[in-house]
Amino acid sequence: MQINVAQLLQESIGSTRKYQVDEVVTGDEGNDHRLYGECQLLRTQSSILVKCQLNTDTELICSRCLATFRQPLAFKFEEEYLPTVDVNTGAPLDMSDEAGAFTIDEHHILDLKEAVRQYAQLVIPMKPLCRKECSGLCQKCGKNLNEGPCACPTEEMDPRWAKLTQLM
Ligand SMILES: [Zn+2]
Ligand SMILES: [Zn+2]
């Protein structure tokens, strides 16, 4: 996800480049996932504007049964990357007003990694489910009910109903 933009920075405003992304990325927890899609780079007056449309298959933990599973996620983003040195002279540029901005390093390398990490996180569901009809875990014995029923009594009768049945 590192792109050398030295050439593009020397081109006229409005010049574009397209990049196909297809690589295996190691996530924060050390798990690998594939990242693929397309990024477009646009030379603006003072920056490179990056538009990406990407897909990934992230390993998630089911919120009901706690199993890990992979789910394809699609996301897109648009971010501006500012050069830190003048591409023609190599002189450092004043970045004091640009705190927190994405930057292009002194070797003209634009690194998409941090933006991808941030935007990929936004599409991860709050309560992932391994499957729509996931049965979850038994609240009493903790068995994964997707693997079959557990030995716990199925339903405890409401004590009020129990009294009624006794009367009948
Ligand atoms: Zn599940
Ligand atoms: Zn049980």
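Numbers for residues simply follow the sequence, beginning at 1. Note that ligands are numbered from 1 as they come in the structure, with each ligand's atoms numbered from 1 the same way.
- Contact check for Asn55 versus Leu35: no side-chain heavy atoms found under the 4.5 Å cut-off.
- In this structure, OG1 on Thr44 lies 7.0 Å from CD1 on Ile13, to the nearest 0.5 angstrom.
- For the pair Ser63 (side chain) and Leu129 (backbone), a donor-acceptor distance under 3.5 Å is absent.
- Between the NE2 atom of His108 and the CG atom of Leu8 there is a distance of 12.0 Å, given to the nearest 0.5 Å.
- The aromatic ring centres of Phe75 and Tyr119 sit 6.0 Å or more apart.
- Leu42 shares a hydrophobic cluster with Leu49; the chain of contacts runs through ILVMFWY side chains whose heavy atoms sit under 4.5 Å apart.
- The backbone N or O of Asp105 sits nowhere less than 3.5 Å from a side-chain atom of Thr103 that would complete a donor-acceptor pair.
- For Arg64 (side chain) and Cys134 (main-chain N/O), a donor-acceptor pair under 3.5 Å exists by modelled atom type.
- Residues satisfying the side chain to side chain contact (heavy atoms under 4.5 Å, CB included) test with Leu73, not counting sequence neighbours, are Thr56, Thr58, Gln71, Val123, Ile124, Pro125.
- Taking distances strictly below 2.8 Å, the protein N/O/S atoms close to the Zn ion (ligand 2) are Cys138 SG, Cys141 SG, Cys150 SG, Cys152 SG.
- Excluding waters, the set of protein N/O/S atoms under 2.8 Å from the Zn ion (ligand 1) reads Cys62 SG, Cys65 SG, Cys130 SG, Cys134 SG.
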